[in-house]
Amino acid sequence: MDPVRNPYAPGAGQRPPELAGRDRELRQFEVVLERVARGRPERSMVITGLRGVGKTVLLNAFRSMAIQKLWGTGKIEARPDQSIRRPVASALHMAVRELAPRHRAPDRIEEFLGVLKAFAQAGEEPGTGRGKARAHRWQPGIDVPAARGRADSGDLEIDLTELFVDAASVATDVGAGIALFVDEMQDIPADDVSALCAACHELSQVGGPLIVVGAGLPHLPAVLSASKSYSERLFRYARIDRLDRESADFALMAPAEREHVTFTPEALDALYGAADGYPYFVQAYAKVVWDVAPDTPITADDIKVAAPEAESELAVGFFGSRYDRATPAERDYMRAMAMLGDDPVLTSAVAEELGRKPSSLSPARDGLIKKGLIYSAERGLVAFTVPHFGKFLRSQPA
């Protein structure tokens, strides 16, 4: 069939042609937006799940919903060992710029931008080390003088709280809200997670119309709980997983039908068996199947022809690119996990599989967690962040 008309989109964070199986989460976020708009108390929101289940796609869908409600929005992607101070400053700058044209007092906007600039410059310059004098060489692109005495103490918890309260006040002036979207939230450094939770806690007490919407791996709730004991009550958590059969079929059929293409029931059976309901895999297999199928309807034989090519692409782009980031010791650790099965495994079992003491494997385990390749499901247990990663590793030569 015509590859130009291929509707499927197996991209990182790329919205699929049909956002299937996420109606419950979309309704939940709609409620959050409406409650905040009406001044009702509401929690910020956190989405968790494995790689490839569509967390970033859903986060972007939430942002589109907020924009449609005329909210100010900004988005950051957290990175290990990088403070969120500057990314948050840039994101809130964007959010307030979206609200500024509707504000009746330009001076209020300039006043906030002065605070925002001071906040952005208050952190340490990368590489200067803790306790060293702050250098103000970095300019955040805000064409007003930096304010003094507000959100500029250098203590992120104090500064972020003051900044969020001021940003929420600007949103209140225009009868709107601000939503800060944080992808890969589990990668925020521990001190910054604590500061973010404290700022959200203050906002929840004063009722300011600013929410944080995060997305991260399954252990994100544990990361938040470790930083502040009250974080369990601070966020509304939504765990997303693979699609059920009906949703997976709909994700395949709806975009195809718009191109006057159909699937036989046997083809849908084969595709669900191959993709296992994971949204990224659904798109990856469907894209290749479309390109190899000679005509409509798409049949089970077309799936058989396409499956090796789809699996080859996944082996390179989805699995291989992650495997290549690991050190030799980390690869040994992951292979041992894979040999023990696809469920979360005991760290002691991994050590036994490798014939090593558990303590000697801590650097490899911690490195894999930091790289986002595995996560600690609970104390003493580890699991892959990527679906079917164990199956991929077992298929590789030793």
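These values consider heavy atoms only, across backbone and side chains, with no hydrogens, waters or symmetry-generated copies. Worth saying up front: this structure is predicted, and the values here are computed from it rather than measured.
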**Report entry** Audit row: Arg236, Glu42, salt bridge (charged side-chain N to carboxylate O under 4.0 Å, His left out) steps and yes/no
**Finding:** CA-CA 9 Å; Arg236 179 194 290 253; Glu42 190 50 81; 3.3 Å; yes
Query - Residues Val305, Asp301; criterion side-chain contact (heavy atoms from CB on, under 4.5 Å); working and verdict - result: CA-CA 6 Å; Val305 173; Asp301 287 339; 5.7 Å; no
Report task. Show the numbers, then the answer: is there a side-chain contact (heavy atoms from CB on, under 4.5 Å) between Arg79 and Asp187? Result -> CA-CA 5 Å; Arg79 298 178 182 176; Asp187 285 340; 5.7 Å; no
Report task. Check the pair Arg239, Glu25 against salt bridge (charged side-chain N to carboxylate O under 4.0 Å, His left out), reporting the backbone distance first and the verdict last. Result -> CA-CA 9 Å; Arg239 173 80 181 260; Glu25 291 78 17; over 6 Å; no
Report task. Kindly determine whether Glu34 and Arg40 satisfy salt bridge (charged side-chain N to carboxylate O under 4.0 Å, His left out), including the steps that lead there. Result -> CA-CA 9 Å; Glu34 288 294 335; Arg40 300 292 177 89; over 6 Å; no
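A distance-only check finds no donor-acceptor pair linking the side chain of Ser169 to the backbone of Val165 [under 3.5 Å]. The closest donor-acceptor contact from the side chain of Lys117 to the backbone of Val144 lies under 3.5 Å. No donor-acceptor pair under 3.5 Å is formed between the side chain of Ser225 and the backbone N or O of Pro221. Listed for the Arg365 side chain is no donor-acceptor partner under 3.5 Å among the backbone atoms of Thr347. Of the possible donor and acceptor atoms, one in the side chain of Arg85 sits under 3.5 Å from a partner among the backbone N and O of Phe119. Checking side-chain atoms of Ser194 against main-chain N and O of Asp191 turns up no donor-acceptor pair under 3.5 Å. Of the possible polar contacts, one joining the Arg325 side chain to the Lys371 backbone as a donor-acceptor pair under 3.5 Å is found.
With values rounded to the nearest 0.5 angstrom, Asp183 atom CG is found 9.5 Å from Ile76 atom CD1. Distance CG/Leu156 to CG/Leu163: 10.0 Å, rounded to 0.5 Å. Separating the CZ atom in Phe392 from the CD atom in Glu311 is a distance of 12.0 Å, to the nearest 0.5 Å. Distance OH/Tyr285 to CD1/Ile303: 10.5 Å, rounded to 0.5 Å. The distance from the NZ atom of Lys75 to the OG atom of Ser90 is 15.0 Å, given to the nearest 0.5 Å. From Thr264, atom OG1 reaches atom CD1 of Ile298 across 9.0 Å, with rounding to the nearest 0.5 Å.
Counting heavy atoms from C-beta on, the side chains of Leu116 and His93 come closer than 4.5 Å. Residues Asp302 and Pro294 form a side-chain contact, since some pair of their non-hydrogen atoms from C-beta on lies under 4.5 Å apart. At least one side-chain heavy atom of Asp166 sits less than 4.5 Å from a side-chain heavy atom of Arg150. Side-chain atoms of Leu180 and Val213, non-hydrogen and from C-beta on, never get closer than 4.5 Å to each other. Annotation: side chain of Leu160 is not in contact with side chain of Glu202 (no heavy-atom distance under 4.5 Å). Using a 4.5 Å cut-off on side-chain heavy atoms (C-beta onward), Val96 and Ile109 make contact. Using a 4.5 Å heavy-atom threshold, the side chains of Glu309 and Val292 count as touching. Taking 4.5 Å as the limit, every side-chain heavy atom of Met45 sits out of range of all side-chain heavy atoms of Ile211.
Across all non-hydrogen atoms, the minimal contact from Thr48 to Lys55 is C-CD, 3.8 Å. Nearest approach of Tyr8 to Ala251, heavy atoms of both residues: CE2-O, 3.9 Å.
Annotation: cation-pi pair Arg331/Tyr323 present, NZ/CZ under 6.0 Å from the ring centroid and within 45° of its normal.
Leu59 and Leu19 fall within a single hydrophobic cluster, where Ile, Leu, Val, Met, Phe, Trp and Tyr side chains are chained together by heavy-atom contacts under 4.5 Å. The cluster map of Ile, Leu, Val, Met, Phe, Trp and Tyr, joined by side-chain heavy atoms under 4.5 Å apart, puts Val288 and Leu268 in different clusters. Under the 4.5 Å side-chain heavy-atom criterion for Ile, Leu, Val, Met, Phe, Trp and Tyr, Leu210 and Ile188 are members of the same hydrophobic cluster. In the hydrophobic cluster analysis, where Ile, Leu, Val, Met, Phe, Trp and Tyr join through side-chain heavy atoms closer than 4.5 angstrom, Trp71 is grouped apart from Val170.
Checked against side chain to side chain donor-acceptor pair (under 3.5 Å), Arg63 has the following partners two or more places apart in sequence or in another chain: Thr73. Glu184 meets the salt bridge (charged side-chain N to carboxylate O under 4.0 Å, His left out) test with Arg51; sequence neighbours excluded. Remark: Asp155 pairs with no residue by the salt bridge (charged side-chain N to carboxylate O under 4.0 Å, His left out) rule, at least two apart or across chains. Checked against side chain to side chain contact (heavy atoms under 4.5 Å, CB included), Lys370 has the following partners two or more places apart in sequence or in another chain: Pro80, Asp81. For Tyr375, there are no side chain to side chain donor-acceptor pair (under 3.5 Å) partners at least two apart in sequence or on another chain.
In this pair, Phe318 and Tyr280 present their aromatic rings parallel. The plane angle is below 30°, not in the 30 to 60° band. The aromatic rings of Phe281 and His388 sit tilted, their planes meeting at an angle between 30° and 60°.
With respect to Asp173, the side chain to side chain donor-acceptor pair (under 3.5 Å) criterion is satisfied by exactly one of Arg108, Arg104, Arg102: Arg108.
Between Arg394 and Asp342 there is a salt bridge, since at least one side-chain N of the basic residue sits less than 4.0 Å from a carboxylate O of the acidic one. Glu353 and Arg335 are not joined by a salt bridge, as no carboxylate oxygen comes within less than 4.0 angstrom of a charged side-chain nitrogen.
The salt bridge (charged side-chain N to carboxylate O under 4.0 Å, His left out) analysis of residues 257-284, with sequence neighbours excluded, yields the pairs Arg5-Glu259, Glu18-Arg258, Arg242-Asp276, Arg245-Asp269.
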